[in-house]
Amino acid sequence: MTRPPLAILTGPTGAGKSDLALAAALALGGEIINADSLALYRGFDIGTAKPGPEDRARVPHHLIDVLDPDQDFDAAAYLRAARPLVERLGREGRPALAVGGTGFYLRSLTAGLFEGPGRDEAFRARLAGEASAGVDLYARLAALDPETAARLAPADRVRIERALEVLHVSGRPISQWQREHALAERPFRTLSVIVDRPPEEMAGRLERRTRLMFERGLPAEVEGLLAAGWSPDLKPFGAIGYKETVEYLRGRISLAEAVDKTLTATRRYAKRQRTWFRGQMPGARWFHPDQADEIVGLLRDFFGSAPAE
RNA sequence: GCCGAGGUAGCUCAGUCGGUAGAGCACUAGACUGAAAAUCUGGGUGUCGGCGGUCCGAUUCCGUCCCUCGGCA
């Protein structure tokens with residue numbers, strides 16, 4: 001049994017992944033699996049630069065519009081949803097392209113996650129209560145799992161809570177789970193392509209794109225979602241562009257400020273993405289999106305080649 | 001024109017009883033195993049508005065000029 005092939009197409013926000021993915025999928029007869037943590041949500045269209053109906057009619061897109069704003073999702077859920085798709089496309093002999101900027105989801109797809117306990121909402125709620133009552137959760141972790149505490153910053157509450165959760169539910173420190181797993185799963189034969197542009201090009205693109213989002217109705221989209229009864233405290237409303245638009249609609253900031261803050265947050269996000277790709281995707285090939293022919297050729301060879309084993 | 005407040009990092013501001021200055025944000029580099037568009041870590045990038053005076057030494061005190069914001073005319 002050979003492993004199914006999977007092509008990853010990623011890059012910082014606004015570099016031009018989606019257009020390239022569409023062209024590549026058309027050229028190869030492939031299908032696109034979304035790897036963007038926010039395009040999963042129905043109704044979050046403009047601010048996520050989600051592919052429109054025309055594009056989705058031309059090439060099958062998976063894992064877009066599959067969640068309501070109040071539905072929990074995480075890397076493990078992504079892995080569970082996306083892996084069967086890659087396997088199915090592999091059986092059908094159709095190229096599978098995972099496309100999106102959520103590096104953590106992509107790495108989970110290709111390298112896995114340790115199979116320990118998932119989220120335990122009741123435990124999380126208890127931790128949140130203790131934290132707001134002044135309990136030092138880092139000190140607790142340092143006492144219960146000093147190895148993990150040594151690796152984490154005292155202010156990194158997301159990872160501290162996760163570490164306490166794993167220990168509480170499984171009785172074993174997260175460091176042990178991680179050591180045993182070591183991100184060593186390789187369920188797919190993978191080719192990773194990153195598209196990026198020089199800073200001068202990105203600056204203008206991000207600015208134009210952000211302004212267009214607001215001009216094309218991001219505030220109206222958010223108003224519609226709120227009018228439908230969704231709470232602005234739900235996770236996807238914390239996303240770049242949405243957070244700022246909610247502030248604007250509440251009258252806390254001006255429209256110009258909302259645009260400005262969104263642009264700044266977008267730039268910072270693109271930088272964080274590059275840092276992730278450099279550090280976590282060492283084997284990836286980097287291209288300018290204008291090198292579409294070269295990229296498609298590379299993908300063609302990849303999907304056409306005999307499995308390596 | 002007069003009175004008052006102010007002019008310090010890219011921005012908002014703190015501070016220096018005279019010994020060349022620091023926070024947040026921005027910026028930059030990095031981390032990342034079920035929140036990842038999240039969360040976190042390191043790094044200070046500066047004619048302290050201009051000119052002159054006093055002083056061993058002025059961003060700080062004095063004088064003067066410029067600019068900004070209020071109020072009164």
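Here is the naming used below: chain letters follow the sequence lines, and residue numbers restart at 1 for every chain.
The 5' end of RNA chain B is approached more closely, in terms of each residue's nearest nucleotide, by A/Leu113 than by the other of A/Leu113 and A/Asp36. For the pair A/Thr48 and A/Arg80, nearest-nucleotide mapping onto RNA chain B gives the more 5' position to A/Arg80.
Applying the 90° criterion around 0 to the glycosidic angle, B/rG18 comes out anti.
Nucleotide B/rC69 is matched to B/rG4 when pairs are restricted to Watson-Crick or G-U wobble geometry with both distances under 3.5 angstrom. Across all strands shown, B/rA21 remains unpaired; no Watson-Crick or G-U wobble contact has both distances below 3.5 Å. When both distances must be under 3.5 Å, the Watson-Crick or G-U wobble mate of B/rC40 is B/rG30. A 3.5 Å limit on both hydrogen-bonding distances identifies B/rG53 as the Watson-Crick or G-U partner of B/rC61.
Contact between the side-chain N/O atoms of A/Arg278 and the OP1/OP2 oxygens of B/rG30 is found at a separation under 4.0 Å. A close approach under 4.0 Å does not occur between any side-chain nitrogen or oxygen of A/Thr264 and OP1 or OP2 of B/rA26. Residue A/Tyr78 places none of its side-chain N or O atoms closer than 4.0 Å to OP1 or OP2 of B/rG34. Regarding contacts with the backbone of B/rA36, a side-chain N or O of A/Lys235 is found under 4.0 angstrom from either OP1 or OP2. A sub-4.0 Å separation between OP1 or OP2 of B/rC27 and a side-chain N or O of A/Arg268 is present. Within the 4.0 Å cut-off from OP1 or OP2 of B/rA37, not a single side-chain nitrogen or oxygen of A/Lys243 is found. Between A/Thr275 and B/rG30 there is a side-chain N or O to OP1 or OP2 distance below 4.0 Å. Applying the 4.0 Å criterion to OP1 and OP2 of B/rU33, one finds that A/Arg159 has a side-chain N or O inside that range. For B/rA36, neither phosphate oxygen OP1 nor OP2 lies less than 4.0 angstrom from any side-chain nitrogen or oxygen of A/Arg107.
Here the rule is side chain to side chain donor-acceptor pair (under 3.5 Å) with A/Thr13, and of A/Arg209, A/Gln273, A/Arg205 only A/Arg209 fits it.
With salt bridges taken as basic N to acidic carboxylate O contacts below 4.0 Å, one links A/Glu165 and A/Arg162. A salt bridge is absent between A/Lys17 and A/Asp36; no separation between the charged side-chain nitrogens and carboxylate oxygens falls under 4.0 Å. Look at A/Glu130 and A/Arg140 and you find a salt bridge, because one of the NZ, NE, NH1 or NH2 atoms lies within 4.0 Å of a carboxylate O, short of that distance. For A/Arg119 and A/Asp74, the salt-bridge test fails: no basic side-chain N is under 4.0 Å from an acidic carboxylate O.
Judged by atom type and distance alone, A/Asp72 does not reach the base of B/rA35 through any side-chain donor-acceptor pair under 3.5 Å. The base of B/rA37 lies outside donor-acceptor range of the side chain of A/Gln273, with no N or O pair under 3.5 Å.
A/Thr13 comes within 4.0 angstrom of nothing in the nucleic acid, heavy atoms only. Using a 4.0 Å heavy-atom criterion, one finds that A/Gly47 contacts the bases of the nucleic acid, with or without backbone contacts as well. Using a 4.0 Å heavy-atom criterion, one finds that A/Gly116 contacts the bases of the nucleic acid, with or without backbone contacts as well. Within the 4.0 angstrom heavy-atom criterion, no nucleotide atom of any strand lies near A/Ala111. Residue A/Arg124 is classed as a base contact, given a heavy-atom separation below 4.0 Å to a base. Residue A/Phe73 is in sugar-phosphate contact alone, with no base atom involved, counting any heavy-atom pair closer than 4.0 Å across all strands shown.
With B/rA37, B/rA36, B/rG34 as the candidates, the nucleotide lying closest to the side chain of A/Leu38 is B/rA37. Closest to the side chain of A/His181, from the set B/rU28, B/rU33, B/rG34, is B/rU33. If you check B/rA37, B/rA35, B/rU41 against the side chain of A/Ala239, the one that comes closest is B/rA37. Closest approach to the A/Phe104 side chain among B/rG34, B/rA35, B/rA37 is made by B/rG34 (side chain taken as heavy atoms from C-beta onward). Of the candidates B/rG34, B/rA35, B/rA37, the closest approach to any side-chain atom of A/Tyr269 belongs to B/rA37. Distances were taken from every side-chain heavy atom of A/Trp276 (C-beta onward) to each of B/rC40, B/rA35, B/rC32; the shortest belongs to B/rC32. Out of B/rA37, B/rU39, B/rC27, the shortest distance to the side chain of A/Arg267 is found at B/rC27.
Rounded to the nearest Å, the gap between the P atom of B/rG15 and that of B/rG19 is 15 Å. One P atom belongs to B/rG44, the other to B/rA29, and the distance between them is 16 Å to the nearest Å. Nucleotides B/rC40 and B/rG4, compared at atom C1', are 46 Å apart to the nearest Å. B/rA23 and B/rC32 have their P atoms separated by 28 Å, given to the nearest Å. Nucleotides B/rA26 and B/rA21 place their P atoms 25 Å apart, quoted to the nearest Å. Between the P atoms of B/rU33 and B/rA37, the separation comes to 14 Å (whole Å). B/rG49 and B/rG6 have their C1' atoms separated by 11 Å, with the value rounded to a whole Å. Going from the C1' atom of B/rA14 to that of B/rG57 covers 25 Å, rounded to whole Å.
In this model, no donor atom of one side chain and acceptor atom of the other lie less than 3.5 Å apart for A/Gln71 and A/Tyr41.
Distance, A/Arg272 CZ to B/rU28 C1': 14 Å, rounded to whole Å. Residue A/Leu164 contributes atom CG, which lies 15 Å from atom C1' of B/rA35 at whole-angstrom precision. In this structure, the CZ atom of A/Phe237 is 17 Å from the C1' atom of B/rA35, given to the nearest Å. Across the protein-nucleic acid pair, A/Arg162 atom CZ and B/rC40 atom P stand 18 Å apart, rounded to whole Å. Taking atom CZ of residue A/Arg157 and atom P of nucleotide B/rA35, one finds them 12 Å apart after rounding to whole Å. Per the geometry, CG belonging to A/Leu183 stands 17 Å off P belonging to B/rA36, to the nearest Å. One interatomic measurement links the two molecules: CG of A/Asn34 to C1' of B/rA37, which rounds to 13 Å at whole-angstrom precision. Atom-to-atom, CZ of A/Arg151 to C1' of B/rU39 comes out at 13 Å; the value is rounded to the nearest Å.
The cationic atom of A/Arg189 (NZ for Lys, CZ for Arg) lies less than 6.0 Å from the six-membered ring centre of A/Phe302 and within 45° of the ring axis.
Atom NZ of A/Lys243 sits in a crowded spot, with more than 12 heavy atoms from other residues, nucleotides or ligands closer than 6.0 Å. Within a 6.0 Å radius of CZ in A/Arg285, no more than 12 heavy atoms belonging to other residues, nucleotides or ligands are found.
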